[in-house]
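To start, the structure under review is shown below, and the notes come after it.
When a residue number appears, it is its place in the shown sequence, counting from 1.
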Amino acid sequence: MNLIWGVILVVISSLGWLGQVISLVNPALGEKLGLTELKAEVDPTFYADVRGEALWDAIILWTLPAAGVLLILNNPVWAYFGLIGGGMFLYFAGRGIVVRRQMQRRGIRIGPPESLKVIYTFLALWGLTAAVTVVMAVAAVPLA
């Protein structure tokens with residue numbers, strides 16, 4: 001089970017982290033690949049927010065893919081990375097969904113509906129993956 005979840009964790013969480021790295025380093029490529037919203041289709045404030053989010057996420061979200069690699073290697077330290085990375089991804093997903101919903105309700109342009117469906121789907125997937133990983137990590141942390 002650890003091997004399977006480790007592979008799932010590496011694949012799913014790397015999509016989020018690497019997507020943010022690409023969006024940070026080359027926003028035009030991120031837009032072209034559909035990793036971020038097109039600048040022309042969103043409010044300038046929202047665009048600035050996702051640029052800042054890409055920077056911060058590129059710095060912190062590597063922890064969940066690292067947990068997956070450690071889990072594949074059957075290294076018990078994975079649980080600590082799983083707790084930290086899972087918490088970060090849970091925040092990333094939750095914030096992404098809540099902020100976008102609030103902005104939509106206020107009429108702020110955050111992208112076309114078809115793009116938002118994809119974004120919400122991935123945010124939900126990352127949040128679910130994070131929650132499962134946190135539960136598994138709590139169970140794996142040795143009690144003194």
Side-chain angles (χ1 to χ4, degrees), residues 1-73 75-141:
M1 177 63 182
N2 283 357
L3 177 63
I4 293 169
W5 189 253
V7 170
I8 290 169
L9 198 53
V10 168
V11 171
I12 291 174
S13 62
S14 290
L15 288 173
W17 176 62
L18 290 173
Q20 291 294 61
V21 170
I22 291 168
S23 295
L24 170 67
V25 174
N26 191 340
L29 178 60
E31 289 178 12
K32 188 175 183 177
L33 295 173
L35 301 172
T36 189
E37 296 78 4
L38 296 172
K39 186 175 185 178
E41 294 183 356
V42 298
D43 184 89
T45 303
F46 179 73
Y47 189 78
D49 180 65
V50 295
R51 296 280 50 80
E53 185 178 48
L55 170 59
W56 186 244
D57 292 343
I59 294 169
I60 67 168
L61 292 182
W62 62 271
T63 50
L64 201 54
V69 169
L70 291 167
L71 188 57
I72 291 168
L73 298 174
N75 186 321
V77 175
W78 86 267
Y80 300 102
F81 279 85
L83 287 170
I84 294 166
M88 288 179 184
F89 258 84
L90 198 53
Y91 174 82
F92 166 67
R95 180 193 184 279
I97 292 169
V98 170
V99 167
R100 282 170 176 80
R101 297 294 299 157
Q102 289 297 315
M103 288 186 176
Q104 273 184 309
R105 286 187 183 119
R106 287 169 174 73
I108 297 171
R109 292 181 312 120
I110 61 169
E114 56 277 358
S115 171
L116 290 173
K117 286 179 186 175
V118 173
I119 291 167
Y120 285 133
T121 299
F122 273 98
L123 287 170
L125 178 63
W126 289 320
L128 179 61
T129 302
V132 169
T133 302
V134 167
V135 170
M136 289 177 64
V138 166
V141 171

Interatomic distance, Leu128 atom CG to Ile12 atom CD1 [nearest 0.5 angstrom]
8.5 Å
Taken in chain and number order and not counting sequence neighbours, the residues that satisfy side chain to side chain donor-acceptor pair (under 3.5 Å) with Trp62 are none
Verdict with supporting geometry, Leu64 and Met88, side chain to side chain contact (heavy atoms under 4.5 Å, CB included)
CA-CA 8 Å; Leu64 201 54; Met88 288 179 184; over 6 Å; no
Got a sec, which pairs hit salt bridge (Lys or Arg N to Asp or Glu O under 4.0 Å) with one end in residues 94-109, sequence neighbours left out?
Glu37-Arg100, Asp49-Arg95, Glu53-Arg95
Given Trp5, which of Asn2, Leu9, Val7 fulfils the side-chain contact (heavy atoms from CB on, under 4.5 Å) condition?
Leu9
Could you tell me which residues satisfy side chain to side chain contact (heavy atoms under 4.5 Å, CB included) with Leu83, sequence neighbours excluded, listed by chain and number?
Val134, Ala137, Val138, Val141
From Thr121 OG1 over to Leu116 CG, what is the distance, rounded to the nearest 0.5 angstrom?
10.5 Å
Nearest non-hydrogen partners of Ile110 and Val42, listed with the distance:
C-CG1, 3.4 Å
Please name all residues satisfying side chain to side chain contact (heavy atoms under 4.5 Å, CB included) with Ala124, sequence neighbours left out, ordered by chain then number.
none
Contacts of Leu73 meeting side chain to side chain contact (heavy atoms under 4.5 Å, CB included) (sequence neighbours excluded), chain-then-number -> Val69
Please enumerate all residues that pass side chain to side chain donor-acceptor pair (under 3.5 Å) together with Thr45, with sequence neighbours excluded.
Asp43
Determine the minimum heavy-atom distance between Arg51 and Leu24, stating which atoms define it.
NH2-N, 4.4 Å
Under the side chain to side chain donor-acceptor pair (under 3.5 Å) test, residues paired with Tyr80 that sit two or more places apart:
none
If you round to the nearest 0.5 Å, how far is OG of Ser13 from CG of Leu18?
9.0 Å
Between CG on residue Leu71 and CH2 on residue Trp78, distance to nearest 0.5 Å:
5.0 Å
Side-chain touch Leu61/Phe89, heavy atoms, less than 4.5 angstrom:
yes
Minimal heavy-atom distance between Gly86 and Ala130, with the atoms involved, is O-CB, 3.2 Å
Run the side chain to side chain contact (heavy atoms under 4.5 Å, CB included) test against Pro76 and tell me which residues pass, sequence neighbours left out.
none
Please name all residues satisfying ring pair (Phe, Tyr, Trp, His ring centres under 6.0 Å) with Phe122, sequence neighbours left out, ordered by chain then number.
Trp126
Kindly indicate, with the supporting measurements, whether the criterion side chain to side chain contact (heavy atoms under 4.5 Å, CB included) is fulfilled by Gln20 and Phe92.
CA-CA 11 Å; Gln20 291 294 61; Phe92 166 67; 3.7 Å; yes
According to the ring-ring contact (aromatic ring centres under 6.0 Å, His included) rule, which pairs have a member within residues 17-50, sequence neighbours left out?
none
Separation between CD (Glu31) and OG (Ser23), nearest 0.5 Å, reads 8.5 Å
Spacing of CG belonging to Leu90 relative to OG1 belonging to Thr133, to within rounding of 0.5 Å
10.0 Å
